Amino acid sequence: MSDKAPDKKPAAPTKSTAQLLGDRRLKLKRLRDELKQDPYGQRTDGLIRLNAARDAFSQAADTAHKAAQEAAKEEGAAPADPNADERAVVAVAGRVVQHRVMGNLIFLSVRDDSGDLQIAVSKKTVGQPDFGLAKMTDYGDIVTAKGALGTTKTGEVTLWAGEGFEVGEDAPAYRILTKSLALPPGKHHGLTDPETRYRKRYVDLYANPEVMQTMQTRSRILKATRDYLTDDQPERGFLEVETPMMQAIPGGAAARPFETHHNALDIDLFLRIAPELYLKRLLVAGMPRVFEINRNFRNEGIDRSHNPEFTMLELYQAYGDLYSVMDLTENLFRHLASTVCGGTTLPFGEVQVDYAAFERRKYLDLFNQHNDFDHSDHAALVAKGDSLGLKTQDVDHDVLLNSVWEETVEQHLIQPTFVIDYPASLCPLTKRKPDEPEIAERFELFVCGMELANAYTELNDPDVQEANFKAQDTGLTGEDAVEAATFRNIDEDFLEALRVGMPPAGGLGIGIDRLVMLLTNQQSIRDVILFPLMRPQG
RNA sequence: GACCGGGUAGCUCAAUGGUAGAGCAUCGGCCUUUUAAGCCGCUGGUUGUGGGUUCGAGUCCCACCCCGGUCACCA
């Protein structure tokens, strides 16, 4: 007995969805059974990108072709000589994003990662089998077509399938290469819901070409950065390395790590919060200039400038210092803006960011500029902290100073600004200025109120480093200490490496995702990450 | 984690507490220069989930889920 009662409607998906999907399944079956076509086709050689096809279009050849067609029609004499057709013949492939059937002439717009191209399929030209394929094509299918590049009445560059070459078994005018069995977003409004866009990025990327462009720019930024750092200029020549992402002792930053476990060794491991301590080991080892571009993982909140996994460039330059990597940073930013994005002035939201010249401002000067009291006035500082709703009880002066600084100064740092001369107490792992021991050799780069880079003259005295580790480890109170104890351990092997001897060096970290946000004018970090972290759907 | 906003057809969106709608898409028909093609016709729903109030809930109340924004967290 069948359990199918005739009056029983299927559960989810809804009937309409099932019908729409059924239509596509039916076409899949027709392709196989009636048309003997593989709906998940084969390797196809000789394809060019759609923008290359557009570039291959010749207005002169199109004009001459149209004139010849007219002449042949009017004279009634000899038909146009096919050998006189100078139009370029190309083969392309792409996803169908428009499909307009005009009876015996079909227009399709296809899209690839380079852009869109219109394809015209005429029944008279390609004959019944291929025309039938074009007619049954659905929005979302991946198709290939070969033909001459011409125009339509309205002047749009169009590939006329089957024209300009001998159509045959091995040279079809039109094929469906991949049948899409999913329901596509609307061709007019496209896909706009942010949740669906992030979850179904494979649809977002073709439905919203500007997303594809952003991701392509991201790739170019990364390549240009690697090329820049590794080229043979005397001030560069860095070696790209990869250091462990799974670490027994997560270090190099203060952040809560993700925890995991290795079964065979039966040990707990942590996803790294920074590569710093390993890159410094490489300075000890004798690699004088190293960098790594890869993921860090921090078990923190998510907002427009934070994703739990993010890409960081960390770089170490032996025999350099804070100012060597500051120059490098400025030159790199300017290089990326001009070579990848076409200019040193780029928009970000409402503002134009000028990468031609970076400001260098002292931390305490900025504080005084944006507050109506001197940074040393503790009573005024506490009052200000209270008015901002900050924690002011049992807080060290400099810690409170930094909290107020972040609330009052950061938002004003729109144009690229290196902040220098941080109070040393805020940077326990940084070398101090030789002549001003209360000032740390550190800079942070701010652009559009965002922290883009952080750099130090690296501490290479193993005894000072060890003392600072221990001071930091016990300097916390209450809940912070309990929490910190779960992940802050002293990395003895790193201290041993420093005892072997690390050359004096400048170190730099650049948040690549935020850099890409700036250079591509995206306001959310999720819009520069292909697959941002999303909570699984229940 | 807190607060605010949102979740309705495949897509984009409507709907005083009173019969859940439109456009596009799909399907059928006509159409050889369209551009969101056009015209005619058919079709499409567990209104995020679960409770509650009510004669009656997409709408009001409660809880939960997911997304966005703001904040918190974030040497």
Side-chain angles (χ1 to χ4, degrees), chain A residues 9-24 26-27 66 97-109 116 118-125 131 136 138-140 150-156 158 160 180 182-200 203 207 251-256 273-274 276 298-306 308 310 389-391 398-399 402 406-407 422-430 440 442 444 451 454 456 468 471-472 475-476 479-480 483-484 488 509 523-524 526 532 534-538:
Chain A
K9 287 181 180 175
T14 64
K15 197 185 172 202
S16 82
T17 305
Q19 278 182 340
L20 293 168
L21 293 174
D23 291 338
R24 289 182 177 244
L26 206 62
K27 288 178 178 170
K66 282 199 164 105
V97 293
Q98 300 281 348
H99 186 223
R100 295 181 285 274
V101 180
M102 316 278 304
N104 293 314
L105 177 65
I106 296 170
F107 290 102
L108 305 106
S109 293
D116 293 3
Q118 179 165 269
I119 293 170
V121 183
S122 163
K123 188 175 190 178
K124 198 173 170 186
T125 304
F131 185 79
M136 72 188 292
D138 281 318
Y139 182 21
T151 54
T152 61
K153 270 184 181 170
T154 52
E156 175 152 351
T158 299
W160 290 86
S180 174
L183 299 172
K187 66 182 178 181
H188 182 203
H189 295 98
L191 186 64
T192 62
D193 175 47
E195 178 170 0
T196 312
R197 290 188 45 219
Y198 297 138
R199 288 191 192 280
K200 300 202 176 299
V203 176
R256 216 178 306 185
I273 54 176
E276 174 160 346
R298 297 186 182 175
N299 209 335
E300 294 160 3
I302 298 173
D303 63 30
R304 284 202 293 178
S305 59
H306 293 82
F310 63 100
L390 299 170
K391 182 185 173 191
D398 284 352
V399 172
N402 195 45
E406 288 174 357
E407 291 290 331
Y422 278 72
S425 61
L426 297 174
C427 325
L429 302 191
T430 310
R442 173 193 188 187
E444 285 197 289
E451 181 190 339
N454 191 9
Y456 307 96
N468 287 347
Q472 185 183 10
L476 299 164
E479 292 178 353
D480 290 341
E483 184 181 290
R488 273 188 197 159
Q523 307 296 312
S524 170
R526 296 182 197 92
M534 300 288 280
R535 195 185 291 269
Q537 280 174 311

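Every chain is numbered from 1 and lettered A, B, ... according to where its sequence line falls, protein lines coming before strand lines. Because the structure is a prediction, the values reported are computed rather than measured.
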Quick one: which of [options] gets closest to the side chain of [X]?
X	options	value
A:Met102	B:U32, B:A75, B:A36	B:U32
A:Ala254	B:C66, B:A75, B:U33	B:A75
A:Lys27	B:A75, B:U32, B:C27	B:C27
A:Lys123	B:U32, B:U12, B:C66	B:U32
A:Thr152	B:U33, B:U70, B:U26	B:U33
A:Asp23	B:C27, B:G69, B:U34	B:C27
A:Leu20	B:A72, B:U43, B:A25	B:A25
A:Glu300	B:C66, B:C74, B:U34	B:C74

If I pick the [atom1] atom on [M] and the same atom on [N], what distance separates them, to the nearest angstrom?
N	M	atom1	result
B:G48	B:G23	P	22 Å
B:U49	B:G58	C1'	14 Å
B:C60	B:A22	P	24 Å
B:A57	B:C64	P	24 Å
B:U32	B:U46	C1'	46 Å
B:C31	B:C40	C1'	12 Å
B:C67	B:U26	C1'	28 Å

Taking salt bridge (charged side-chain N to carboxylate O under 4.0 Å, His left out) as the test, write out the residues that go with A:Glu451, two or more places apart.
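Testing A:Glu451 for salt bridge (charged side-chain N to carboxylate O under 4.0 Å, His left out), a comparison that skips the adjacent residues, returns none.
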Rounded to the Å, how far apart are [X] [atom1] and [N] [atom2]?
X	N	atom1	atom2	answer
A:Phe131	B:U32	CZ	P	9 Å
A:Met534	B:G7	CE	P	17 Å
A:His99	B:U34	NE2	P	17 Å

Taking all atoms of both residues into account, what is the closest heavy-atom pair of [X] and [Y], and its distance?
X	Y	value
A:Val121	A:Phe131	O-CE1, 3.6 Å
A:Glu195	A:Met534	O-CE, 4.1 Å
A:Ala253	A:Ile273	O-CD1, 3.2 Å
A:Gly150	A:Trp160	N-CD1, 3.9 Å

Select from A:Lys124 and A:Ile302 the residue whose nearest nucleotide in RNA chain B is closer to the 5' end of that strand.
A:Lys124
Closest nucleotide of RNA chain B for A:Thr192 versus for A:His188: which of these residues is on the 5' side?
A:Thr192
Per the atom types in the model, does the base of B:U34 pair as donor or acceptor with the side chain of A:Gln118 at under 3.5 Å?
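Under the 3.5 Å cut-off, the side chain and the base do form a donor-acceptor pair.
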Per the atom types in the model, does the base of B:C11 pair as donor or acceptor with the side chain of A:His189 at under 3.5 Å?
no
Can you give me the dot-bracket string for RNA chain B, 5' to 3', counting Watson-Crick and G-U wobble pairs with both distances under 3.5 Å, using [ ] for crossing pairs and | for partners on another strand?
(((((((..((((....[..))))..((((.......))))......(((((..]....))))))))))))....
